[in-house]
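Only one structure is covered here, and it is reproduced in the block below.
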There are 4 protein chains.
Amino acid sequence: MAGVNKVILVGNLGADPEVKHLEGDKVVANLRLATTEAYKDRNGNRVENTEWHDLELWDAQARIAEQYLKKGSQIFVEGKIKSDTWQDDQGNNRKRVKIRVLSFTMLGSRPDGQNNGDTNPNTMSRPTTSNATMPANANDMDDSDDDLPF
Amino acid sequence: MAGVNKVILVGNLGADPEVKHLEGDKVVANLRLATTEAYKDRNGNRVENTEWHDLELWDAQARIAEQYLKKGSQIFVEGKIKSDTWQDDQGNNRKRVKIRVLSFTMLGSRPDGQNNGDTNPNTMSRPTTSNATMPANANDMDDSDDDLPF
Amino acid sequence: MAGVNKVILVGNLGADPEVKHLEGDKVVANLRLATTEAYKDRNGNRVENTEWHDLELWDAQARIAEQYLKKGSQIFVEGKIKSDTWQDDQGNNRKRVKIRVLSFTMLGSRPDGQNNGDTNPNTMSRPTTSNATMPANANDMDDSDDDLPF
Amino acid sequence: MAGVNKVILVGNLGADPEVKHLEGDKVVANLRLATTEAYKDRNGNRVENTEWHDLELWDAQARIAEQYLKKGSQIFVEGKIKSDTWQDDQGNNRKRVKIRVLSFTMLGSRPDGQNNGDTNPNTMSRPTTSNATMPANANDMDDSDDDLPF
DNA sequence: TTTT
DNA sequence: TTTT
């Protein structure tokens, strides 16, 4: 019935993606994403608040994540809230919430791209190569009718 | 690159959809949507502000709009900003902005569905019949992997 | 940093709001919201999927919810994901996710359902009485109550 | 009523902000933001599509933009669509759409691009000085300046 | 566990 | 006019 369930996040990965290749060409990637907000408390002191999100990506999205994302990567995410519910050993109802990612975009590429002198593999500073960015936006495939004569 | 261009609207149609059936099974629908916000001005008086949006829908979305929407319908819209630019007769650069709708959802259905005694065809109070709602949400087709064994 | 944590929902309340009036004029309301999506599975059968969300509203928003919302109400919600973490009796880390509502808007249903005596077919005739809608769109001005002892 | 009018953008500035300081401590900044999407056309060729947006920021947001943003800056923007309508010299109705920015966040790019002297391989080496980011996330507290003579 |  |  007329439902909308949409999540929009911008944050950094707390760890490299965890990727599982399943039977039948299925791939699932799990990411930990931190979104941090800063504000002043009532005493005017700056306070930081970090929320950690469990992201789940499937198939094409998972493969792109595996190839291009790593600990520290900054991404824009669009997805939906999705929960698993089950009973634990004591028979208690349990619930776990994750974000099912529908599309994501790598952020933080240097505007000038060229020489950043970065030779260290552990830094996040890689620009999002163009063929990475393209599929990352892959959910807008229906644009082909944009070139109608109107 | 890494671009995001997203518009989310909730409002009411100012007129019935204008639908054109084109060659090659193409269909385009144009809608006028009003979003109204209310706030208090500096004197504490309530002020209403209405913004009118030009929406454009193609193909499947256009057909659903044609079939189920009418003047007054309340909808949730997700889309993107899209502008046309051209030169007018005087050689001035002109620009027109519209919202390319990617998905929409009909609102205002009664949760309990049951008879509301409404027999007037021109009122907006129609519930969104279930087969209308389904295609209106049609952009989430990739959910079929939801039923994996995890 | 540079974080964004945004949730947008449209759904119906599964129960009347639970409201607690606390010391110091603080008010908190908890809502259960269902967002339902429908899609066709691989066999072409229509499947419905309902996700339940725990919403938390404070102060002005909570008061409006208490006054105008009830089981079945359809609302548009904007908020953010917010989790509590703790250790349970067995020393296991536990986490509970809720949606902290920053603003909400009542959608095209009569707040109380009952006959509104509307006999004018052409009116946009809508519900959510005007003084309800106005504060319902008010933005939450501060996050300072985030540090309440809950 | 019950309106929602929300725009979310991620893109790069096409030019430095244009800032005007007005009487009464009012400040307005105008930005040109490009959002680029890439997709494959029906022949499998990669196509890029850039949309240009006119952003308008007031007061606190405008001051932050003036201080920290420049041509090429990548930002996340949340705002609403706002149009001006008028009659031109020929008496034709004209309309111009812009995005009224309610909040923005600087994304992972060095504000000034050039040498940041970062020699530490493990840092995300990033810019957007902390006091810039903080206020940049501040919400615009009032719409009352909407009725300025512009 | 990220980031600034 | 940005970015990749």
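Below, read A as the first sequence line, B as the second, and so on, with proteins coming before strands; counting in each chain starts at 1.
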Please state how far atom [atom1] in [X] lies from atom [atom2] in [N], giving the value in whole angstrom units.
X	N	atom1	atom2	result
A:K71	E:dT2	NZ	P	5 Å
D:L107	E:dT4	CG	C1'	13 Å
A:Q74	F:dT3	CD	C1'	15 Å
A:E18	E:dT2	CD	P	15 Å
A:R46	E:dT3	CZ	C1'	11 Å
D:E37	F:dT3	CD	P	19 Å
A:L31	E:dT2	CG	P	15 Å
A:E51	E:dT3	CD	P	18 Å

Can you list everything that forms a salt bridge (Lys or Arg N to Asp or Glu O under 4.0 Å) with A:D16? Sequence neighbours excluded, please.
none

Taking D:N45's backbone N and O only, do any of them form a donor-acceptor pair with D:N43's side chain (distance below 3.5 Å, no angle check)?
no

A:N5 side chain vs A:I81 backbone, donor-acceptor pair below 3.5 Å
yes

Base F:dT2 to side chain D:T50, donor-acceptor N/O within 3.5 Å cut-off:
yes

Set of residues satisfying side chain to side chain donor-acceptor pair (under 3.5 Å) with respect to A:E78, sequence neighbours excluded
A:K6, B:K6

Side chain of A:N12 (C-beta onward), nearest among F:dT2, E:dT2, E:dT4
E:dT2

Of all the choices, E:dT4, F:dT2, E:dT2, which nucleotide is nearest to the side chain of A:T36 once you look at every atom?
E:dT2

